[in-house]
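Remember, it's a predicted structure, so these values are computed and weren't measured experimentally. For the numbers below, each heavy atom of this structure counts, side chains included, while hydrogens, waters and symmetry mates do not. Here is how names work: the chains are called A, B, and so on, in the same order as the sequence lines, proteins then strands, and each is numbered from 1.
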Amino acid sequence: MRRKGKPFALLAVTMILTTILYGCSGSGAKPAASGADTAAKGNDTAAAAPSKDKVEITWLVRTDPNMIDWEKEMIDGFQKEHPNITVKLEQIPQAEIDQRLTTMIASGKVPDVWSSNWANSGFATYKKMGALLDLTPYVKKDQAALSTINQNIMNIYQIDGKIYGIPMLSIGSFLFYNKELFDKAGVPYPTVNWDDTSWNFQKMLENAKKLSSDIGNADKQVFGVFNSMSANLQSWMFGGDFFKPEAYTSAVMGEPAVLTNKANKEAIQFNVDLIQKEKVAPNQTTIDAVSAIGDPFLTGRVAMVINGGWGFWAYQPAKFKWGVAPIPYHDGRKIALFVDPWNISAKSKHPAESWELIKYLVDPKNGGKKFMEKTSATPADTSLAEQWYKQIADKTGMKIEDIKTLNEGAIKNGREADNHLIDKFSVISNTINQTIAGVWNGQKSVDDGLAEIDKNLRSLNLK
Amino acid sequence: MNSAPAAAEPQIRRAAKKKRNPELAREERAFWLFISPWALGFLLFTGGPIIASLFLSFTDYNVIDAPNIIGLKNFVDLFHDKLFYKSISVTFYYAVLSVPFTIISSLLLAVLLNNKIKGQALFRTLYYTPSIISGVAVSFLWMWLLNPDFGVVNSLLSQWFGIKGPGWFTKPNTVIPSMVLMQLTSIGGTMVIFLASLQTLPSDLYEAASIDGASRVKKFFRITVPLISPVILFNAIIGIISSFQVFTQAYVITKGGPDWNSYFYVLYLFNTAFAQFRMGYASAQAWILFIIIFALTLLSLWVSRRLIYYEYDSKR
C-alpha cells in the first residue's frame, strides 16, 4: 500500500499545480474583456479624471542600463506626488518589444505608458493598429504644461486633428567629421550653415578623395566618408523619395514612387559611386565587421559620417577631436528628424493616471530636464534648448552658437523619419534592404535595383 | 504434433492475460500517473494554442480587432504568394544540404570519439560543448569567422592556399551552404545519440568479422551502419524537422538576404506575425508547415522501411 501511495501523492500535487496555473491563466484572460470596455470609453472626447483610489500603472521602457537611474528617480518622484498611484517599470530589449507588445495587446494586459518608436515598428504601425489612445482631451486640459514644446514637433504626432503622442526628444541628422584627419590632409573644416550652397555633395566627394588613404589595406585604410542612412533617407537628401507625400500623412505606403521620382536614382548612384567607383566609402562587409565592435566613426578610420544627431553624445568617447556640419546642400534636400513620443495604450485602464505620469516625464523643470541631462538627447521642449546647447558645448568643445545654428537648421530642413510615419515600415525596409545590398556592392545596376525594389514594394500590397 | 501447440496457444494466452491482469492494470495506472504532468501540460499550454491557431488560420486576426472568419482565404492567398514559394524553396534547399551533412559529419565524429584512446572523455566534452551555446551567440561567432574581408576563414584561405575566399553570407549563391557549414558547431546532440548507440553494439560481431579478415571500412559499412540504422533514421527525421524550423541564423545574420536567398519559411512566418501583425495569415503558414513536416516524416518512414534493420522486431 505504501508503494502505491507515492504516485497518488504525485498526482495530487500535479493536479493542484495545474489548477493553480490554470487559475492564473484564467484570471489573466479576464482583463482582456474589461480592457476592451475601457478602450471604448477611451474613444470619448472627455478626459478621464485621475481617481483617488489606489491604482497601479505599467511603464514600458527599453532595457538600457544607462537609463535605469533616471527611470527609478522618475518613479520615486512621481509616486511621492501621487501617493495613490504605483508605477510598475517593465524593461524589454528593443528587438523584442514588437513581439512582447503584440502578446500584451492580444491578452489585454497592455502597458499604460510607453513609446511607440522604441519598438522596431514605429508610431504609424501602432497608431494604425488602434493601439494608441487619443490624447487630445488631455492636451487641451493641460495646455499650459505643454506650451513650451516646439509646435512643429508637436504636430508630427497629430493625425486627423487628434494628438496621439507627446514628443520627449527631437533629433536631427548631421555630418560628423574627424578633425584630426582633416588637419592631416590639409582640408578646411566645413561650414555650420545649412544654407551655404557651396557645401554640397560634390564638395563632400572632393574632401573624401583627399581624406581617403590606403584603401584595401585592412590594417591602415582610412575612408573619406560613410553615409549610414537607409536608402530612402539618402534619397531625401537629394530631394528624392521612395514614397508619395500622402504615404507620410495617411500612414499607408500605397503606390511607391521609387521610379517616378528621378532624384532617387541620383542619390543611390552617388552612394554606389562613393563605394565602387571612387572607393572613398567602405563596402557593406567592412561596415558589418566594424559595426560588430563599435561605431565605424569611433574607430578613427572614417573621416566623415552622415548619421543621426545621437552622434553628439555617442561620439563623446572618441579619442580624437571631431566637429559637426550640415548634411551637404542639394536642391530639395530633406533630412530625417527622429522624434520619440510618449504614448498611452488605447486599452489602458487608467488613462488619467497615465497622463499624469507623461506630464511628469516631460516637465521641462523636472522629468524632461533630467532626461536631457541624463541622455544628452536634443529636447523637444524649446525652454530646454539653451541648456542643451551649453551641455553639448561643454562636452564637445564646440561653440554654443554653432550648435544652435546646426540644430535649428536641422529642424528647418527636417521631416519626421519614414519608419515612424508609414505603417508596417519594418516590412518595407526589409524589402528594400534585400535588394539594396546587391546595389551597394555593385552586383546590380542602380536601374535594375530600383526597378526590383519598386516591383517588390508593390507586391507587398500594403493598404 | 505441429498443430497442437498452435491450437493450444490462444487458450494459454487468454489464461496468461487473466493472470497478468492485476499487474498490467497497475502498470497502466502508474503509466498514466507518471505521464499526467506532461499530458496535462501539453493539453493546457500547447494543445490549446494549437487548436486556437487552427481556428485563427481561418480568420483575419490582427491582434487588436476581434477575428473575423474569412474561410479559406488565407490559404488561397498563400498559394498565390511568391514569397511563400521562395521561402519554401530556400528551406528545402537548406534541408537537402543540411540533413546529409549533419548525419555524415556527426556519425564520423561519433565513430572517432568511440575509439578507446587517451583523453577520450576530454575530446567528447570538447566536441559536445558548442551545442550548449545559444543560437544567437553561435550566429555571431560564425558571422565573424566567415566575414569575407576580415574573417579568420578567408584570411587563412588566402595566406595558406592563396585562394580568394568566397563572400559566404553576403552572396546569394553561398549563403545557404554557409549556413549548412554553421551546423558544424551544432552537431553535438546528434553525435551523442550516435555515440550512445555505437556503445551498445555487440563486440562479438566485430571479432568474428576480424577473424574473417574484414577491413575497418568493411566492418563500418557491413556491421555498424546496418546495426545503427534505426538511429540514423531517427536522427534524419529530427534533422528534417529542425531544418524546417531554421530561424535564428537567418534572423541574426542575414535578415533573410541577400536578395531573399536565406528567407527561411519560419522567418517569413515570424515577420508575418510580428512585423505585419497578420496573425491569421501566420497561423495558416504554421499549419502548412506542420503538414509539410508531417508528410516528410511519413515519407521518410515509408522510404526507410526496407533500409532499416531492427534487431528486436516489434512485430515478432
Side-chain angles (χ1 to χ4, degrees), chain A residues 4 6-8 10-11 13-15 17-18 21-22 25 36 39 95-96 98-106 120-121 125-126 128-131 218 282-286 288-290 292 346-347 423-431 433-438 441 443-444 452 456 459-460 462, chain B residues 26 29-34 36-41 43-45 48 61-66 77 81-83 86 136 140 143-144 146-151 154-155 167-172 251-263 267 270-279:
Chain A
K4 251 188 182 173
K6 271 184 186 164
F8 278 110
L10 198 73
L11 177 71
V13 171
T14 321
M15 291 296 275
L17 272 175
T18 331
L21 287 172
Y22 191 64
S25 71
E96 289 169 29
D98 276 332
Q99 202 186 339
R100 295 276 292 276
L101 260 175
T102 321
T103 8
M104 289 175 175
I105 292 170
N120 288 351
S121 307
T125 307
Y126 286 105
K128 194 107 195 305
M129 204 193 243
N283 63 20
Q284 196 55 46
T285 55
T286 310
D288 287 346
V290 175
K347 284 186 180 179
D423 182 30
K424 300 190 173 111
F425 203 82
S426 64
V427 183
I428 297 170
S429 69
N430 186 35
T431 304
N433 291 343
Q434 291 287 343
T435 305
I436 207 76
N441 65 30
Q443 287 168 324
K444 280 190 185 124
E452 202 178 298
N456 290 343
S459 72
L460 287 177
L462 292 178
Chain B
R26 211 172 64 208
R29 220 164 39 224
F31 164 78
W32 284 112
L33 271 175
F34 279 103
S36 59
W38 180 86
L40 285 172
L43 287 177
L44 292 174
F45 301 114
Y61 186 47
N62 67 350
V63 179
I64 284 276
D65 303 317
D77 286 353
D81 181 346
K82 276 186 204 146
L83 215 45
K86 180 70 190 173
V136 176
F140 272 100
M143 231 159 121
W144 271 105
L146 298 182
N147 181 291
D149 292 350
F150 301 91
N154 275 10
S155 77
W168 301 112
F169 297 122
T170 64
K171 294 284 155 68
Y251 183 73
V252 173
I253 304 178
T254 59
K255 305 266 180 278
D259 224 351
W260 311 100
N261 281 295
S262 62
Y263 208 66
L267 180 63
F270 179 88
N271 284 341
T272 314
F274 296 108
Q276 300 202 38
F277 305 105
R278 295 169 70 192
M279 295 296 167

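- In summary, the side chains of Thr286(A) and Asn283(A) do present a donor paired with an acceptor at a separation below 3.5 Å, with no hydrogens or angles considered.
- At a 4.5 Å heavy-atom cutoff, the contact between Thr102(A) and chain B is made by backbone and side-chain atoms alike.
- With a 4.5 angstrom heavy-atom cutoff, Asn147(B) touches chain A only via side-chain atoms.
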How far apart are the C-alpha atoms of Tyr126(A) and Asp423(A), what are their side-chain angles, what is the distance that settles it, and do they pass the side chain to side chain donor-acceptor pair (under 3.5 Å) test? CA-CA 8 Å; Tyr126(A) 286 105; Asp423(A) 182 30; over 6 Å; no
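- Of the atoms belonging to Ser426(A), it is side-chain heavy atoms, and not backbone ones, that fall under 4.5 Å from chain B.
- Cation-pi geometry between Lys255(B) and Tyr251(B) is met: the NZ or CZ atom falls under 6.0 Å from the ring centre, inside 45° of the normal.
- For the residue pair Thr285(A)/Thr170(B), the side-chain donor-acceptor check at 3.5 Å is not satisfied.
- Between the side chains of Asn456(A) and Thr431(A), no donor-acceptor pair of N or O atoms lies under 3.5 Å.
- Proximity to chain A is absent for every atom of Phe140(B), based on heavy atoms less than 4.5 angstrom apart.
- For Phe169(B), no part sits under 4.5 Å from any heavy atom of chain A, backbone or side chain.
- Taking chain A as the reference chain and counting heavy-atom pairs below 4.5 Å, the highest number among Trp260(B), Phe270(B), Phe277(B) is found for Trp260(B).
- With a 4.5 angstrom heavy-atom cutoff, Met143(B) does not touch chain A via any of its atoms.
- Donor-acceptor pairing under 3.5 Å is lacking for the side chains of Asn430(A) and Asn433(A).
- Neither the backbone nor the side chain of Ala437(A) comes within contact range of chain B; no heavy atom of the residue lies under 4.5 Å from a heavy atom of that chain.
- With a 4.5 angstrom heavy-atom cutoff, Gln284(A) does not touch chain B via any of its atoms.
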